[in-house]
Amino acid sequence: MLAETGLTEVAKGVFELRLPIPFEDGLVNVFLFADGEEADLLDCGMNSDESVATIRAAIAHIGAKRLRRLVVTHIHPDHYGAAGSLAGEGMADLYIHRLEVPLVNPRYVELEHLVKEVHRYLLVNGVPASEAEVLSNSQRALSQLVKTAEASVQLDGAELLQMGRRQLRVEWTPGHSPGHICLYDRQDGLLFAGDHMLPELSPNIGLHPQSTPDPLHEYLDGLRRMAALEPELILPSHGRPFTGAPARVKVLEAHHRRRLEQAVEIVGRGKQTAWEVALELWGPRSNFYEKRLALQEALAHLQALAVEDRVTKSVTPDSVRWTPA
Ligand SMILES: [Zn+2]
Ligand SMILES: [Zn+2]
């Protein structure tokens, strides 16, 4: 059973459970916090019978009878997908940052409006019409992995939450998603980092219809705040637990600084749309999902450059253009 679920006690009373997902590195880490007959859960994997059964088995395995609260770092399918199977009427209470709440319905329930909005966003950013049609529909597949639930508590950030027998502080870290949160256990220096700080991957930071207006600056600011906590151990949602937050943050900052310089150079060569810039930065990508992420990421960097007044952003109803400042 232990081997089957990959259930590991990563700190006293905190259990890491690795659940299968159909993208990224194929696994998402969720965390169970024990408190006698009750348990609390941070993130819940995507919604599938197998994944939910694994969570239920893990709850029973640590000796709990009931899931008390489910806290979600952000509403991406690998973190929020099974929320509707675990939280709601007669089940656990769902805690989520308030900036994530309005993203749920358009993304997973009433998709038509967002699909249209994304289609338009793709066209104004230079995506050819034939590709925009396919790319704007790529969201539909993801919505199959999600069963939504209503939030019982909407977080602002800076709340102290009881998880198991621990007190964790909510750290609002926008960028990867507008209401992304980390949880910090000050007593033992444990940082539950979600997708904000990963040991190997640089999380996708994108400008798109559901993002905040300047996600890259927000993201970098959040990284520096988390590094300043000097956590003893970082428990990420993908990859293995790691140490050395300040060093990891330096690497991530350098990565984005390099991308910013490349984007300035590409715009300087006369590439005016974010789509052209994305193609230069990442090359033609075969996978539709990856293409969209590349466009979003290029836009986040261009927007940061415009905010810094290093490129000029010009908009009309039909186009967004980036030129040297
Ligand atoms: Zn994510
Ligand atoms: Zn993730």
Side-chain angles (χ1 to χ4, degrees), residues 6 16-31 41-48 51 54-55 70-83 86 94-104 106-108 114 118 138-139 141-148 155 157 170-183 191-212 215-216 218-220 222-223 226 234-242 248 252 255-256 287 289-297 299-300:
E16 183 201 57
L17 183 59
R18 311 194 79 191
L19 300 171
I21 51 169
F23 42 83
E24 282 176 79
D25 63 349
L27 287 170
V28 64
N29 311 323
V30 306
F31 298 91
L41 181 63
L42 176 63
D43 285 344
C44 58
M46 61 173 199
N47 193 48
S48 76
S51 194
T54 305
I55 291 172
L70 167 63
V71 179
V72 167
T73 57
H74 63 302
I75 56 113
H76 290 169
D78 47 332
H79 302 258
Y80 170 83
L86 298 164
L94 175 64
Y95 290 59
I96 184 167
H97 192 276
R98 64 187 173 86
L99 293 187
E100 295 293 281
V101 172
L103 312 183
V104 170
R107 193 178 284 212
Y108 300 128
L114 186 61
V118 167
S138 67
Q139 188 66 37
L142 288 180
S143 69
Q144 319 273 290
L145 310 174
V146 176
K147 186 173 179 189
T148 66
L155 301 163
V170 176
E171 302 289 344
W172 176 41
T173 47
H176 175 66
S177 194
H180 185 287
I181 57 165
C182 299
L183 293 184
L191 180 66
F192 296 88
D195 279 355
H196 185 64
M197 202 194 294
L198 302 173
E200 278 150 35
L201 304 167
S202 171
N204 177 255
I205 309 301
L207 182 75
H208 56 82
Q210 285 199 325
S211 74
T212 45
L216 183 60
E218 288 185 319
Y219 174 69
L220 294 172
L223 278 183
M226 294 307 98
I234 303 119
L235 298 136
S237 291
H238 306 280
R240 306 317 307 130
F242 63 106
R248 181 66 189 137
L252 289 166
H255 164 80
H256 288 293
N287 176 317
Y289 184 62
E290 283 181 3
K291 277 187 183 176
R292 237 176 90 173
L293 292 183
L295 175 69
Q296 294 175 3
E297 183 111 14
L299 275 164

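Numbering starts at 1 and runs along the sequence shown. In each ligand, atom 1 is the first atom listed, and ligand 1 is the first ligand listed.
Here H238 meets the criterion, with an N, O or S atom under 2.8 Å of the Zn ion (ligand 2). Checking H76 against the Zn ion (ligand 2), every N/O/S atom stays at or beyond the 2.8 Å cut-off. Residue contacts to the Zn ion (ligand 1): H176 brings an N, O or S atom closer than 2.8 Å.
The aromatic rings of H74 and H180 are tilted relative to each other, their planes meeting at an angle between 30° and 60°.
Side-chain contact between I181 and V71: present, with at least one pair of heavy atoms (C-beta onward) separated by less than 4.5 Å. Side-chain contact between Y219 and L252 is present, with at least one heavy-atom pair separated by less than 4.5 Å.
Taking the Zn ion (ligand 2) as reference, the nearest N/O/S atom within D78 carries the name OD2. D195 contributes OD2 as its N, O or S atom closest to the Zn ion (ligand 2).
In summary, R107 and E100 do not engage in a salt bridge, as defined by a charged side-chain N under 4.0 Å from a carboxylate O.
For F31, the ring pair (Phe, Tyr, Trp, His ring centres under 6.0 Å) test picks out F192, with sequence neighbours left out.
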